[in-house]
Protein chains: 2
Amino acid sequence: MALQAGGVSDDVARRLRERGIRPSVQRVAIARVALASHRHPSADEVWEQVKERLPMVSRATVYNTLNRLVEEGLLRSFASAQGHTVFDPNTAPHHHLVDDATGTIYDLPWEALAVDGVDALEGFEVRDFQVVLHGRPTRRSR
Amino acid sequence: MALQAGGVSDDVARRLRERGIRPSVQRVAIARVALASHRHPSADEVWEQVKERLPMVSRATVYNTLNRLVEEGLLRSFASAQGHTVFDPNTAPHHHLVDDATGTIYDLPWEALAVDGVDALEGFEVRDFQVVLHGRPTRRSR
DNA sequence: GCACTTTTTAGACCAAGTCTAAACATTGAG
DNA sequence: CTCAATGTTTAGACTTGGTCTAAAAAGTGC
């Protein structure tokens, strides 16, 4: 197998080590794909991509690693509109816009929308929230 | 099998007929459960409840009927935080609060929150939206 | 009552995700 | 370096939510 360019994978390995995750070859490869992704991939989509470089990697390892990355706060996961779990390396607060025709999920910056009334909600203690919009992009360039 | 009280099921049958759905015994029983529910049940939860009155009803009929009710606008469906499809008879716009500890989903009235900035979004055409909050109820009485 | 259409049924099938037991890799002590 | 202990990965079995299919049953119109 080809050696990986030092810089990026070292950075990923460091981030894993910081969270107490031993940076095995497999875990670094999986984390590289998942942390760089901007398309909210499912676990199997990550698996496909990782297999291009590391053909013998097993599905269980990909699932276990992704779940571990979520536990350790390096990734977020949530259910897509189709009910499948997808992963998002953007752990900062942001909103989502779902194109129901394609299933694509777009990130919207937190500052793009203002939500008023959360503090005044009666009967609930709110930990966090986001706006989920349904619609479609009007430009191709996204 | 016991006859059903006329009033309610006649009402459900009428609503089905209005949408061009022939009100078979099974479909009325399924719709009665789903339309009366306030707990965002999954299809299998609806199936369990329907079977109490109509033990021979098949899973396929429940799934088909619920999907049909969604198509015809009598129900909404969406993916819960756990990634399972759940059904909601409240088709008016409203927000959701998810208790991650229990998976329970609470409805919040549309007027409880104000979202600002949707019209000003660049690059997207928005069809609808809602706020999804995570937290927990502070009162038992819900 | 009879041909036709619609609905329901049981169970096969499928896909996403988890679990398991065995193989493999890594580490630290001697 | 060798060994034992521990941690990780693997293939494949398993589970679960959901769909599909072919045949039986029910409903419709003449």
Side-chain angles (χ1 to χ4, degrees), chain A residues 1 9 12-13 16-17 19-34 40-51 53-72 75-88 103 105, chain B residues 1 9 12-13 16-17 19-34 40-51 53-72 75-88 103 105:
Chain A
M1 183 194 324
S9 58
V12 170
L16 295 180
R17 232 180 277 106
R19 313 280 171 144
I21 305 174
R22 185 139 40 145
S24 68
V25 174
Q26 289 89 339
R27 300 216 267 228
V28 171
I30 294 160
R32 286 230 295 167
V33 169
H40 306 87
S42 70
D44 279 350
E45 283 163 0
V46 172
W47 188 33
E48 287 307 320
Q49 256 192 275
V50 171
K51 275 195 291 191
R53 306 201 146 240
L54 214 57
M56 296 304 289
V57 75
S58 80
R59 209 153 83 102
T61 298
V62 174
Y63 276 78
N64 289 339
T65 301
L66 290 174
N67 288 337
R68 188 83 189 278
L69 294 175
V70 170
E71 277 169 29
E72 299 296 340
L75 281 182
R76 282 195 173 179
S77 73
F78 56 90
S80 74
Q82 292 81 48
H84 299 149
T85 301
V86 299
F87 296 88
D88 188 348
I105 300 165
Chain B
M1 187 193 323
S9 58
V12 170
L16 295 181
R17 233 180 274 108
R19 313 282 171 140
I21 305 173
R22 186 141 37 146
S24 68
V25 174
Q26 290 89 337
R27 299 218 268 227
V28 171
I30 293 161
R32 285 231 296 165
V33 168
H40 307 87
S42 69
D44 280 349
E45 283 164 359
V46 171
W47 188 33
E48 286 306 320
Q49 254 191 280
V50 171
K51 276 197 289 192
R53 306 199 149 242
L54 213 58
M56 296 305 290
V57 75
S58 80
R59 209 155 83 103
T61 298
V62 174
Y63 276 79
N64 289 340
T65 301
L66 290 174
N67 289 337
R68 187 83 188 277
L69 294 175
V70 170
E71 276 169 30
E72 300 296 342
L75 279 183
R76 282 194 173 180
S77 72
F78 55 89
S80 73
Q82 292 80 49
H84 299 146
T85 301
V86 299
F87 296 89
D88 187 347
I105 299 165

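Throughout, protein chains are lettered first and strands after them, A, B, ... in sequence-line order, and every chain is numbered starting at 1.
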For the residue pair A:T85 and A:F78, establish whether any side-chain heavy-atom pair is separated by less than 4.5 Å.
no
Using whole Å, report how far CE of A:M56 lies from C1' of D:dT9.
11 Å
Least distance between heavy atoms, B:V28 atom then B:V12 atom:
O-CG1, 4.0 Å
Categorize A:T85 for me: base, sugar-phosphate, or nothing, with a 4.0 angstrom heavy-atom threshold over every strand shown.
sugar-phosphate
Once you round it to whole Å, what is the distance between P of D:dG12 and CH2 of A:W47?
11 Å
Donor-acceptor pair, distance only, cut-off 3.5 Å: does the side chain of B:R27 make one with the backbone of B:R22?
yes
Are the side chains of B:S77 and B:L66 in contact, using a 4.5 Å heavy-atom criterion?
no
For a quick check of understanding: with a heavy-atom distance under 4.0 Å over all strands, which category does A:R59 fall into, base, sugar-phosphate or nothing?
base
In whole angstrom, give the distance that lies between atom CD of A:Q82 and atom C1' of D:dG17.
15 Å
With side chains defined as the heavy atoms from C-beta onward, is the minimum distance between B:I21 and B:L69 less than 4.5 Å?
yes
To the nearest Å, give me how far apart CD (B:E45) and C1' (D:dG18) are.
15 Å
Counted 5' to 3', the first and last nucleotides of DNA chain C within 4.0 Å (strictly under) of a heavy-atom of chain B are C:dT6 to C:dA10
Can you check each nucleotide of nucleotides 23-30 of chain D against protein heavy atoms at under 4.0 Å and return B for base, S for sugar-phosphate only, - for none, in 5' to 3' order?
----SS--
Could you tell me how far apart B:H84 (NE2) and D:dG17 (P) are, to the nearest whole angstrom?
5 Å
Can you list the steps and then say if A:K51 with A:V57 is a side chain to side chain contact (heavy atoms under 4.5 Å, CB included)?
CA-CA 6 Å; A:K51 275 195 291 191; A:V57 75; 3.8 Å; yes
Name of the residue among B:V33, B:N67, B:I30 meeting side chain to side chain contact (heavy atoms under 4.5 Å, CB included) with B:V62
B:I30
Phosphate OP1/OP2 of D:dC20 contacted by B:N64 side-chain N/O (<4.0 Å):
no
Pairing residues for B:D44 by the side-chain hydrogen bond (donor to acceptor under 3.5 Å, both in side chains) criterion, not counting sequence neighbours:
B:R59, B:Y63
Please report the shortest heavy-atom distance between A:T61 and A:Q26, naming the atom on each side.
CG2-CB, 4.0 Å
Students often get this wrong, so: under 4.0 angstrom with heavy atoms, is A:D44 touching a base, only sugar-phosphate, or nothing?
sugar-phosphate
Between A:K51 (NZ) and D:dT9 (C1'), how many Å, whole number?
15 Å
By the 4.0 Å heavy-atom rule, please label B:S24 as base, sugar-phosphate, or nothing.
sugar-phosphate
